[in-house]
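Okay, structure first, notes after.
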Amino acid sequence: MAKILDVKGRRVWDSRGRATVEAEVVVGRGTTALARGRAIAPAGASTGSGEAKSIDVAAAVQNVNGPIRGALRAMSVANQAALDARLLELDGTADKHRLGANAMVAVSLACAHADAAAQKIPLWKKFARDRRVALPLPQIQIFGGGAHARGRVDLQDYMVVCIGAGSFSEALEWTAEIYAAAGARLAKRGLLAGVADEGGYWPAFRTNEEGLAELVGAIADARLEPGVDVGIALDIAATQLYRDGRYHLALDKRSLSARELHAVLGGWVERYPIVSIEDPFAEHDAPALQAFTREFGERLQIVGDDFFVTSAERVRKANGACNSVLLKPNQVGTLTETEACWDAARAAGYRAIVSARSGETEDVSIVHLAVGWGVGQLKVGSFARSERMAKWNEGLRIEEALGAKALPFPAGKLFK
Ligand code: 2PG
Ligand code: MG
């Protein structure tokens, strides 16, 4: 059994040019190094108030090089639960502000990488153990708004889900066509103004609904059938829109009660092929989420992001709010807690989606989590910029490695 010989932290830079934490874990037998693993903490912009707290990067790096290194050295790298428990004990706070969620998630993931490397297996296989696995169905952003495009439109993510695709690679091929078509449509109307934080087009729309119409147009331009081949997924990120008891759609010059927003979203669901809506109401607005799920839960995937913040306990207490959970390891701090949230979701009959953050890097760990845990869906932003493409491309490599051993691609099963 390989033991941890060394843990090192360093400051690196993310896709927004902001500092973040990288951790590197060296494992071996005796004093002989056998393998190493590396991981980088991502960072959100539209963060839920219940998220584990990331701290100043210099302090987080010091924590990795000091107390975390001291605590984990000589531990077996194969026992992720024990490693994560040690991190939690060392931190000792409810919101992880002592060690920093950024330090903890980088170390937790780097340990998993090091263990897989020591066993000479790919990371997804470590998580899958002997289970057969499938590639996840991607949610891919075409237009980015909200906190990722300075509020140019109010909705944060306009995404496509290739519900008719027969494979992960086909879903990416279709998305490439749609992304190109959406860009061409904007260019033609003189509305192409660059890309938002996750690589989706920065939308110069006049209304929020125009984004939905443009997305349907782009799907059709790509010679795909909206609602049959490709569905729409939205992240409203509604916590960002909530002030003084109302939801503010600045672009539409409207300020709505929860009931009015419910009706607006319901109208969109009637008029557009929407299959999934994330955070349709603010993180504290459980009654609105419950009412929305009661009315639309049979026909829609309703995803809690800020609402659940990858907390197993919050999922257990959902009481009919949402029917799906976004899983973001850095929202909670460790791999073990992320997996516990996935377990809680399954136990509640909820689906889950492994998700990247708006601030990302070349780190592709989350693709391996989605495959290995059998989560079924993956959200990593758009179809541009290498911090996003690195993850889609990693999925292609895993698809190739699995070949005929893979379980069927879950697209049809999830949304038909
Ligand atoms: C989200 C994520 C990714 P952020 O809200 O789901 O789109 O954004 O990382 O800024 O929280
Ligand atoms: Mg979200």
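In listed order, ligands and their atoms are each counted from 1.
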Roughly, to 10 degrees, what angle do D305 atom OD2 and E278 atom OE2 form around the Mg ion (ligand 2)? 90°
Just need the protein heavy atom nearest to atom 7 (O) of ligand 1, so name the residue and atom and give the distance. E198 OE2, 2.9 Å
Please determine if K379 and D235 form a salt bridge, counting it only when a charged side-chain N lies under 4.0 Å from a carboxylate O. yes
Electrostatic pair E313:R316 at N-O distance under 4.0 angstrom: no
Taking heavy atoms and a distance under 4.0 Å, where does [X] meet ligand 1: side chain, backbone, both or neither?
{"X": "E278", "answer": "side chain"}
{"X": "L326", "answer": "side chain"}
{"X": "D157", "answer": "side chain"}

Sub-4.0 Å atoms of ligand 1 with respect to non-hydrogen atoms of [X]:
{"X": "D235", "answer": "1 (C), 5 (O), 6 (O)"}
{"X": "H148", "answer": "4 (P), 7 (O), 8 (O), 10 (O)"}
{"X": "R357", "answer": "4 (P), 9 (O), 11 (O)"}

Checking R185 against F143: charged group under 6.0 Å from the ring centre and within 45 degrees of the axis? no
Any nitrogen or oxygen of A43, side chain or backbone, less than 3.5 Å from one on ligand 1? no
Return yes or no for this condition: an N or O of T47 is under 3.5 Å from an N or O of ligand 1. no
What orientation do [X] and [Y] show, parallel under 30°, tilted 30 to 60°, or perpendicular over 60°?
{"X": "F383", "Y": "W392", "value": "tilted"}
{"X": "Y201", "Y": "Y179", "value": "parallel"}
{"X": "H262", "Y": "F292", "value": "perpendicular"}

Between D14 and T20, is a side chain to side chain donor-acceptor pair (under 3.5 Å) present by the stated rule, with each step listed? CA-CA 6 Å; D14 76 8; T20 186; 5.6 Å; no
When you check the side-chain N and O atoms of Q331 and T338, is any donor under 3.5 Å from an acceptor? no
For the Mg ion (ligand 2), what is the closest N, O or S atom on D235? OD2
Sub-4.0 Å heavy-atom approach of S46 to ligand 1: yes
